[in-house]
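Note that these values count all heavy atoms, side chains included, but never hydrogens, waters or copies made by symmetry. In what follows, residues are counted from 1 in the order of the sequence shown.
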Amino acid sequence: MNSVVLIMVSLLYLAFLFGVAYWAEKQSEKGKSLVTNPYIYALSLAVYCTAWTFFGSVGRAVTNGIEFLAVFVGPTIMMPLWWLVLRKIIRICKVQRITSIADFISSRYGKNATLGVLVTLICILGVLPYIAIQLKAISSSFLIVAHSSGDQNADNLFWGDLAFYIAVVLSVFTIIFGTRKIDSTERHEGMVTAIAAESIVKLAAFLATGIFVTYIVFDGFGDIFQRASLVPELRKTFVFNNDSDASGWVWHIFLSMTAIMFLPRQFQVAVVENVNEKHLNKAMWLFPLYLLLINIFVIPTALGGELLFTNNTVNPDNYVLAIPLKFNQKILTLFTYIGGFSAATSMIIVETIALSVMVSNNLVMPVVLKNKKIQDHFQGNLSGLVNNIRRTSIALILLLAYLYYKTIAEHYSLVSIGMVSFTAVAQFTPAIIGGIFWKTGNRKGALIGLIAGSIVWFYTLVLPSIVGAGFFPQSIIDHGLFGMEFLKPFSLFGLQGMDNISHGLFWSLLINVGCYLYFSMNSPVSSIEHNQAVIFVDIFQYSEQLEPSAIWRGTAYVRDIKILLSNFFGEKRSEKVLRLFAQKHGLNTKSDRADPKLVGYVEKLLAGVVGTASARIMISSVSKEEKISTEEVISILKSSQELLSANKSLRKKSVELEKATSELKDANEILKRTDKLKDDFLSTVAHEIRTPLTSIRALSEIVYDNPDMEPEEREHFLGTVVKESDRLGRLINQVLDLEKYESGKQKLDKEEVDIQDIIKDVIDTLHQQVKEKSIKLVFIPDRFAPRFEADRDKLMQVVVNLLSNAIKYCEPQKGEIIIATHYVEGCIYTSVQDNGSGIDKRFQRLIFDKFFQAEDQTIKKPKGSGLGLAISKKIIELHNGQIWVESEVGSGSKFTFMISVV
Ligand code: ADP
């Protein structure tokens with residue numbers, strides 16, 4: 001294919017990416033942000049798959065068999081742990097406005113600038129070669145495709161070096177992409193969307209080639225494997241060759257588990273660009289699925305390549321392109337080329353942006369900010385300065401990557417360099433994991449651990465690679481440093497039998513972790529270190545309250561703080577930000593002195609722009625800080641926590657109070673009602689008492705005034721007086737009775753009783769009245785009803801009441817009353833049924849109310865106090881039973897009470 005066409009296609013592809021990014025940013029301005037979508041987040045994580053994956057996996061499968069899979073198994077295993085680890089890191093970064101891994105570590109260990117520098121340097125040293133191999137991948141894939149069309153001038157087209165121009169184009173592209181906004185916490189939405197699009201392109205391209213090789217060139221998986229099995233050398237592709245291979249696998253898996261979180265580009269997309277912690281849920285299964293898909297055709301392509309290109313004429317790293325080329329598939333070749341190109345560019349863009357943020361925030365800004373002259377020079381426009389520093393660092397990083405490629409990377413296959421990078425970032429594991437779960441971990445431990453670990457990393461993995469390029473004498477590898485055999489880089493302290501990567505990882509991490517633990521446990525910490533430790537480890541406890549306030553004490557002036565802020569945000573925006581914050585926290589905007597909360601807030605805002613360590617320097621330049629002791633910090637944290645829990649309990653209390661109030665209202669309502677009923681009752685009782693009293697008085701007066709009254713007449717009068725007095729007495733007894741029940745004073749006098757006996761006794765007592773009214777009375781006993789514990793007299797009172805009511809409300813001659821007992825499932829039911837007047841549905845519940853009669857004076861009743869049923873109900877309830885009535889006007893009533901006997 002003509003190189004000019006290739007260049008055009010590549011540039012078009014970059015234009016397409018830019019279009020995607022531009023569109024995404026426009027959408028976001030319209031409020032339709034695309035990155036709020038978990039699928040975009042999951043796809044952007046696939047920036048993990050670089051050109052190394054795209055071309056190198058096949059190459060690695062050819063040389064080392066299924067070992068290549070380790071790099072994908074690691075992240076997959078790590079995914080479920082993300083909820084534990086990554087979510088915490090994301091939360092910390094949000095709260096503390098952390099924008100890079102260097103910032104993270106420096107912030108955790110007391111906002112220490114040295115650590116920031118160290119981590120940045122390790123990242124640059126570790127990752128530069130990795131960027132370099134992406135350049136290599138692009139240029140070699142370009143040349144393969146161009147050469148295939150016989151365009152042998154391709155090499156000369158670029159005055160000798162294509163990779164250089166790629167680096168230049170990409171740095172321009174990355175600068176446009178990455179430095180449009182300076183507050184890194186204002187995410188790069190355009191970039192993330194473009195990266196997600198790239199993930200789709202590279203996956204589609206790889207699948208297309210895989211399907212072509214597997215199903216068109218060959219006859220499916222079975223066919224390829226069957227043919228390969230006939231070639232003995234290819235067997236190694238499917239199996240582990242020996243034990244050390246298997247143990248190496250484990251180390252490699254571990255390595256990639258750390259890489260998926262701590263590679264600067266992964267930290268950028270997974271943490272810094274994350275908009276919603278919940279996106280992790282989807283990513284946890286989508287991302288492994290992506291890895292699975294992009295790996296499905298690796299082995300078939302590797303075997304296919306080996307079968308097609310015997311005699312080692314083609315480098316296995318290039319099989320992905322070489323196979324479609326061999327079959328003259330122009331479009332597919334172009335697509336595959338673009339796939340590789342997209343894998344490489346996405347990695348380069350995100351990695352350089354992440355590195356440039358670190359370089360500017362951790363290397364350059366601290367120096368700039370300490371220098372008064374520079375500060376004065378850029379007074380008022382520090383944000384422009386930050387942006388320019390970032391742009392320059394992007395260009396510089398790509399230039400350095402190019403130089404590395406020119407001097408060293410040309411000698412190595414893609415994969416080995418990637419693994420060396422992984423091992424570099426694995427050095428962050430103790431400082432980060434320890435940092436978020438272990439409060440004792442401190443600055444000294446982290447610093448010494450990191451330094452020691454990276455020295456070992458450099459010695460065992462980097463040094464040998466530059467020996468090959470002629471930077472160091474070969475004797476170091478063969479006989480150790482200064483001829484000391486135990487210092488041989490590939491078998492440090494005599495350790496043999498591991499592959500170089502596992503060996504380097506083992507020693508560097510062992511020493512790193514050892515130093516981290518030892519020095520953390522044996523050195524004192526400063527207060528700020530301790531503060532940060534507490535915040536990081538207990539972030540989920542504090543994140544809600546800590547956002548606005550900071551643990552800071554000292555003197556600063558609002559004017560200075562304002563100037564500081566407007567250097568980056570411009571005057572208007574700073575003014576607005578400060579006003580809003582003051583409003584939210586009820587701070588006095590007029591005062592000269594800045595509130596500590598405000599200072600903390602501004603520090604965090606600045607940290608989003610220039611990094612934690614630099615922000616700290618800036619704040620201390622305008623303030624006089626007071627030392628704040630660990631105890632005080634803890635008490636501040638505690639009090640804010642107490643405040644929160646106090647708030648919570650206050651809320652709970654107010655809910656309780658509300659409930660109590662409504663209960664009180666109800667009770668009051670009842671009381672009012674009762675009060676009214678009591679009044680009514682009193683008037684009823686008074687009325688009831690007056691009637692007999694009047695007649696007693698009248699009759700007695702007649703007898704008194706007429707001493708010579710006929711004896712029969714006198715007897716009649718006196719008889720009535722006695723009867724009325726009885727009635728009066730009964731009424732008063734009933735009222736007193738009821739009062740006893742209501743106040744709970746009435747106690748039961750229990751003995752074993754037989755309900756049938758009681759009923760028979762009552763019938764005997766009332767026999768006379770029944771007879772007088774010529775009522776038909778039937779009693780149906782249940783002989784299975786057992787005896788039970790009850791107050792005999794009281795139960796009798798109930799039955800008397802029910803039966804006398806029945807008699808009262810029955811018409812003479814026609815009346816029929818049935819008394820029955822039933823014993824069902826541990827309960828005795830006693831019913832008294834009559835065929836009397838019946839009770840209106842409306843009153844059926846009310847008749848058990850002692851004051852019912854008083855409430856409805858309209859009901860014309862035969863004589864009675866209206867207390868009988870109320871007392872009966874109380875008695876039955878004291879026996880833990882129930883009483884009710886079924887009745888219809890005109891067809892009689894049936895009163896039933898039920899007492900449980902078990
Ligand atoms: P009283 O002494 O007035 O009968 P109770 O409390 O025994 O008082 O009864 C309350 C009210 O219930 C009676 O006033 C009457 O209206 C109604 N009542 C009770 N038993 C019967 C019944 N068997 N048939 C019709 N109405 C009844």
Side-chain angles (χ1 to χ4, degrees), residues 101-102 105 114-115 117-133 244 247-248 251-252 254-256 258-259 262-264 400-401 403-405 407-409 411-413 415-432 444-519:
I101 200 153
I105 294 179
T114 320
L115 264 173
V117 173
L118 182 65
V119 174
T120 307
L121 290 179
I122 295 176
C123 283
I124 294 177
L125 264 182
V127 175
L128 263 188
Y130 201 3
I131 299 178
I133 56 174
S244 85
S247 86
W251 282 107
H252 287 214
F254 173 76
L255 194 54
S256 48
T258 61
F262 305 148
L263 278 171
L400 284 174
L403 289 177
Y404 185 91
Y405 158 71
T407 47
I408 300 161
H411 310 284
Y412 285 90
S413 90
V415 162
S416 51
I417 288 178
M419 287 315 249
V420 173
S421 289
F422 276 26
T423 318
V425 297
Q427 303 308 319
F428 303 143
T429 314
I432 293 182
K444 201 166 174 192
L447 202 61
I448 298 179
L450 270 176
I451 293 175
S454 26
I455 289 176
V456 176
W457 162 76
F458 188 84
Y459 188 73
T460 54
L461 291 171
V462 183
L463 186 122
S465 78
I466 45 186
V467 162
F471 284 94
F472 287 98
Q474 177 69 26
S475 67
I476 293 184
I477 295 188
D478 299 337
H479 305 293
L481 194 63
F482 311 124
M484 290 187 270
E485 290 281 332
F486 68 93
L487 286 183
K488 280 202 284 192
F490 289 146
S491 55
L492 208 56
F493 305 114
L495 182 71
Q496 276 172 339
M498 283 170 115
D499 65 287
N500 297 344
I501 297 287
S502 307
H503 171 267
L505 176 69
F506 171 76
W507 280 120
S508 59
L509 259 194
L510 184 74
I511 289 167
N512 183 340
V513 171
C515 291
Y516 177 71
L517 292 178
Y518 178 80
F519 288 102

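- When all heavy atoms of Ile101 and Cys123 are compared, the pair lying nearest together is CG2-SG, 3.9 Å.
- The shortest distance between side-chain heavy atoms of Thr429 and Asn512 does not fall below 4.5 Å.
- Here OG of Ser454 is found 9.5 Å from CG of Leu121. Values are rounded to the nearest 0.5 Å.
- Using a 4.5 Å heavy-atom cutoff, the side chains of Phe428 and Leu450 are in contact.
- Residues passing the ring-ring contact (aromatic ring centres under 6.0 Å, His included) test with Phe262, sequence neighbours excluded: none.
- No side-chain donor-acceptor contact under 3.5 Å links Trp457 to the backbone of Leu509.
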For the pair Leu510 and Val456, evaluate side-chain contact (heavy atoms from CB on, under 4.5 Å) and give the outcome as yes or no after the intermediate values. CA-CA 10 Å; Leu510 184 74; Val456 176; over 6 Å; no
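- The line from CD1 of Ile511 to CH2 of Trp507 is 6.5 Å long, rounded to the nearest 0.5 Å.
- Going from atom NE2 of His252 over to atom OG1 of Thr423 covers 8.0 Å, rounded to the nearest 0.5 Å.
- Taking all atoms of both residues into account, the shortest heavy-atom contact from Trp251 to Ser502 is CB-OG, 3.4 Å.
- Paired with Ile124 under the rule side-chain contact (heavy atoms from CB on, under 4.5 Å), one option of Ile122, Thr120, Val127 passes, and it is Thr120.
- Taking both residues in full, the closest heavy atoms of Thr258 and Leu255 are given as OG1-O, 2.7 Å, listed atom of the first, atom of the second, then distance.
- With a 4.5 Å cut-off on side-chain heavy atoms, Val425 and Ser421 do not count as touching.
- The shortest non-hydrogen separation linking Ile501 to Met419 is CD1-CB, 3.4 Å.
- Distance check, rounded to the nearest 0.5 Å: CG of Leu128 to CD1 of Ile133 gives 11.5 Å.
- Summarising the geometry of Ala431 relative to Ala446, their closest heavy-atom pair is CB-CB, 4.2 Å, with the distance given to 0.1 Å.
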